[in-house]
Amino acid sequence: MISYLLQAPPKSTTPLIVVGIYLVLLLAFSIINSRRPRGSAGEFFVASRSIGPFLLLMSVFGTTMTAFALVGSTGKAFDNGIGIYGLMASASGIVHSLVFFLVGIKLWAIGKRYNYVTQIQFFRNRFDSNALGYLLFPVLVGLVIPYLLIGILGAGSVLLGVSGVPTWLTGAVICAVVLAYILTGGVRAAALANAVQTIVFMAVGLLAFVLISDSLGGVEAATQAVIDNAPQLLAREGEIGHLQFLSYCFVPLSVGMFPHLFQHWLTARSAKTFRMTVIAHPIFIMIVWVPCVLIGVWAAGAGVEAPGGNSNAVLAKMVLMQLKNPWVSGLLLAGILAAIMSSLDSQFVCLGTMFTHDIVVHALGEEKVSEVRRVALGRGFIVAIVALTYVLSLFPPPNIFDLAVWCFSGFASLFPLVVAAVYWKRATRAGAIASVVVAGIMWCVLFYDGLLAPALAGEHIQGDYLIWGMMPVAFMIAASTITLVVVSLVTKPLPAATVDRYFGIGQKVT
Amino acid sequence: MPNAAETGMSSIGKFAWVLVALLAILHYDFWNWEDRSLVFGFMPSGLLYQALISIGAAVAWALVVKFAWPTHIEEWADSAPADSPAADEQVGNK
């Protein structure tokens with residue numbers, strides 16, 4: 001691990017100056033714009049439910065597009081070709097908006113009607129079960145941690161590749177900056193920062209695409225090099241299997257159970273606020289992913305080599321090799337970090353929110369924990385989890401795309417729970433608990449076998465971990481769904497008075 | 001999917017949902033599996049096809065939002081009953 005931490009060849013400092021200026025401007029913007037009544041938990045955790053359509057679109061998109069979308073997609077395209085767009089991006093354009101429409105809007109309405117702040121509050125009350133709440137908390141936090149890791153590792157690999165900054169330093173700075181504006185302004189600061197950073201990383205991504213293709217002799221020459229040197233990357237044959245492709249469609253269902261996305265949904269001013277997000281999300285994904293996928297395959301065509309077989313550094317290598325102007329490189333770095341930080345901030349806030357509401361307030365009682373104390377406790381938990389994640393980021397990283405897919409698969413395996421909660425009255429407490437337990441056990445076993453054990457053994461993981469040609473998420477979702485349905489049908493239904501509160505959404509109130 | 005009673009869904013709304021389902025099916029473009037041809041001299045046809053699926057998704061979702069939007073949802077959300085289950089944990093929205 002020590003040798004890994006010390007690998008940091010000195011390079012130009014100009015890109016770092018640009019990144020430093022960007023971080024300072026971001027901090028100033030976030031702090032100035034978050035000057036709302038301080039100490040109010042409603043403001044800190046759900047921005048007083050006042051976020052409009054544009055901010056919701058930007059914050060939701062910025063939150064879902066992390067290092068996975070930039071660093072990970074470029075690296076995966078470098079390894080497996082253009083087919084990865086169909087695996088994740090176009091599928092997400094359909095599935096994400098479907099989830100926003102069918103689940104997100106309902107949860108927003110339920111959250112507003114009953115004043116919820118976290119998804120655990122909702123599940124606990126929907127199934128009238130404290131046990132379910134206490135079970136979901138470690139499961140969700142445990143799944144958010146690898147999500148945080150994706151961001152910190154992505155930032156580290158890019159800055160190491162372009163400017164030689166050691167990964168431990170990048171991780172520390174990124175965590176500190178995001179913590180600074182989050183601890184000051186809560187979820188409103190996250191939403192505002194997300195809006196700015198989403199615009200920055202989309203603009204910078206397009207700029208990178210133009211500049212890199214230009215440096216390769218134009219888009220036609222860049223693709224011709226792929227035809228000459230790595231033609232297999234221009235199609236899916238031999239790179240991606242049919243069942244693998246189909247089973248990948250389950251992965252984007254994860255957005256239905258992201259706790260940070262649930263919190264963003266709750267910040268919406270009204271249900272209509274979701275409209276722009278539902279429509280624009282597929283286009284935004286396309287704008288970010290198509291250039292990244294092309295840069296990834298162009299890198300293979302140009303003969304770029306992934307250090308140690310890990311393609312995390314491919315994007316950084318392309319920026320470094322193709323862009324000779326360090327100021328432009330710095331601007332691109334800032335854009336990449338913008339994408340990463342726009343996810344980290346929401347995740348940080350949601351962790352604090354869950355700890356405060358789902359553990360502290362729920363266990364001690366509302367009257368024993370003042371609003372100011374709640375915000376302070378939320379901040380303390382955020383710092384503790386970020387510190388833990390930072391330590392984990394110091395170990396040699398796995399492939400970011402693969403780690404992200406495992407993380408998303410875990411959330412996706414909980415998706416049947418939220419569907420049942422809003423669409424199936426017959427779902428029972430025991431069914432919900434059993435479903436979460438089965439999903440958790442399956443994820444732990446498969447994650448250990450598919451990623452953790454090989455990584456600990458120092459093995460290089462080639463390609464996706466497949467079962468009968470399919471992604472593990474297909475089996476996890478099947479198992480949690482069957483468990484939920486079977487256990488619910490053989491156990492006593494919840495009282496109608498408990499369940500009926502959550503149905504009839506969209507029907508005229510009489 | 002919200003039922004017709006909830007959404008007051010028009011025939012165009014139903015068509016929009018059919019379009020979403022059709023796009024989900026067309027997303028599995030097995031006929032492009034081995035196709036390495038280029039469009040516009042640089043764009044792999046398999047990638048362009050999937051990008052068009054993304055654009056089609058945006059159009060389909062625009063139709064769903066316009067013609068199959070759940071009615072009365074704000075009204076329902078604003079009409080919290082007296083026995084709100086989260087009433088003991090109110091933290092915001094004051």
Side-chain angles (χ1 to χ4, degrees), chain A residues 41-43 45-46 48-49 82-83 85-86 89-91 93-94 97-98 101-102 105 108-109 112-117 121 125 219-220 222-223 231 234-237 242 245-246 270-272 275 278-280 282-283 285-286 290 293-294 357 361-362 366 371 374 501 504-509, chain B residues 1-2 5-7 20 23-24 27-30 32-38 40-47 49-62 64-66 68-81 83-94:
Chain A
E43 172 62 20
F45 294 119
V46 290
S48 305
R49 301 184 203 273
I82 56 108
Y85 185 91
S90 51
I94 299 170
S97 291
L98 181 77
F101 191 90
L102 295 183
I105 295 172
W108 168 83
K112 185 166 189 191
R113 184 175 169 102
Y114 299 123
N115 213 10
Y116 292 139
V117 174
Q121 280 181 317
N125 285 328
V219 290
E220 293 185 6
T223 305
L234 298 175
R236 272 165 277 178
E237 183 62 32
H242 288 265
F245 185 85
L246 288 170
S270 74
K272 292 184 181 68
R275 290 178 171 177
V278 170
I279 296 167
I283 297 290
I285 291 175
M286 184 188 72
V290 168
V293 169
L294 283 173
H357 292 90
V361 172
H362 187 69
E366 187 187 10
E371 284 211 7
R374 280 179 222 170
R501 290 180 174 128
I505 300 169
Q507 290 175 354
K508 191 169 183 177
V509 177
Chain B
M1 188 186 304
E6 289 177 344
T7 63
V20 169
L23 280 167
H27 166 257
Y28 175 44
D29 57 337
F30 56 86
N32 278 330
W33 225 256
E34 299 176 30
D35 188 357
R36 294 178 183 173
S37 63
L38 302 179
F40 310 128
F42 79 98
M43 187 73 161
S45 57
L47 180 58
Y49 176 88
Q50 291 292 336
L52 291 173
I53 291 285
S54 296
I55 294 170
V59 172
W61 286 119
V64 168
V65 161
K66 175 78 177 168
W69 189 255
T71 53
H72 309 300
I73 194 161
E74 271 99 357
E75 192 184 348
W76 185 88
D78 287 332
S79 58
D83 61 341
S84 168
D88 61 333
E89 299 172 5
Q90 286 190 1
V91 289
N93 207 20
K94 290 184 175 176

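Note that the structure is a prediction, hence the values are computed from the model and not measured.
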Could you look at B/Y49 and say if it's the side chain, the backbone, both or neither that has a heavy atom under 4.5 Å from chain A? neither
Can you find a pair of side-chain heavy atoms, one from A/R236 and one from B/D29, that are under 4.5 Å apart? yes
Residue pair A/R275 / B/W69, side-chain heavy-atom distance below 4.5 Å: yes
Search all heavy atoms of A/A235 against all heavy atoms of B/R36 and return the closest pair with its distance. CB-CG, 3.7 Å
Based on non-hydrogen pairs under 4.5 Å, which of B/A58, B/G56, B/A57 is most in contact with chain A? B/A58
Under the side-chain contact (heavy atoms from CB on, under 4.5 Å) criterion, do B/V64 and A/V278 qualify, and how do the steps go? CA-CA 9 Å; B/V64 168; A/V278 170; over 6 Å; no
Heavy atoms only, distances under 4.5 angstrom: which of A/G93, A/A222, A/P231 has the most pairs with chain B? Name it, please. A/P231
Contact between B/W76 and A/K112 at the side-chain level, heavy atoms closer than 4.5 Å - yes or no? no
Do you know the tightest heavy-atom contact between B/W61 and A/S97? NE1-CB, 3.3 Å
Smallest heavy-atom separation, A/F101 atom then B/A68 atom, equals CZ-O, 3.4 Å
Does the side chain of B/F30 reach to within under 4.5 Å of the side chain of A/L246, using non-hydrogen atoms? no
Quick check on A/I94 against chain B: is it the side chain, the backbone, both or neither that has a heavy atom closer than 4.5 Å? both
Heavy-atom side-chain contact between B/F42 and A/L294 under 4.5 Å: yes
Chain A: which of B/A51, B/G46, B/A24 shares the most heavy-atom pairs with it under 4.5 Å? B/A51
Testing the basics here: between A/P282 and B/S54, what is the closest heavy-atom pair and its distance to 0.1 Å? CB-O, 3.5 Å
So for B/L38, is it side chain, backbone, both, or neither that comes closer than 4.5 Å to the heavy atoms of chain A? side chain
Which bit of A/A91 comes within less than 4.5 Å of chain B, counting heavy atoms only: side chain, backbone, both or neither? both
Residue selection (most heavy-atom pairs with chain A, distance under 4.5 Å) from B/L23, B/I55, B/L47: B/L47
Side-chain contact, heavy-atom cut-off 4.5 Å: B/I53 with A/Y85? no
On the 0 to 90° scale, with breaks at 30° and 60°, tag the A/H242-B/Y28 ring pair as parallel, tilted or perpendicular. perpendicular
Taking the side chain as C-beta and beyond, is there a heavy-atom pair between B/Q50 and A/I82 under 4.5 Å? no
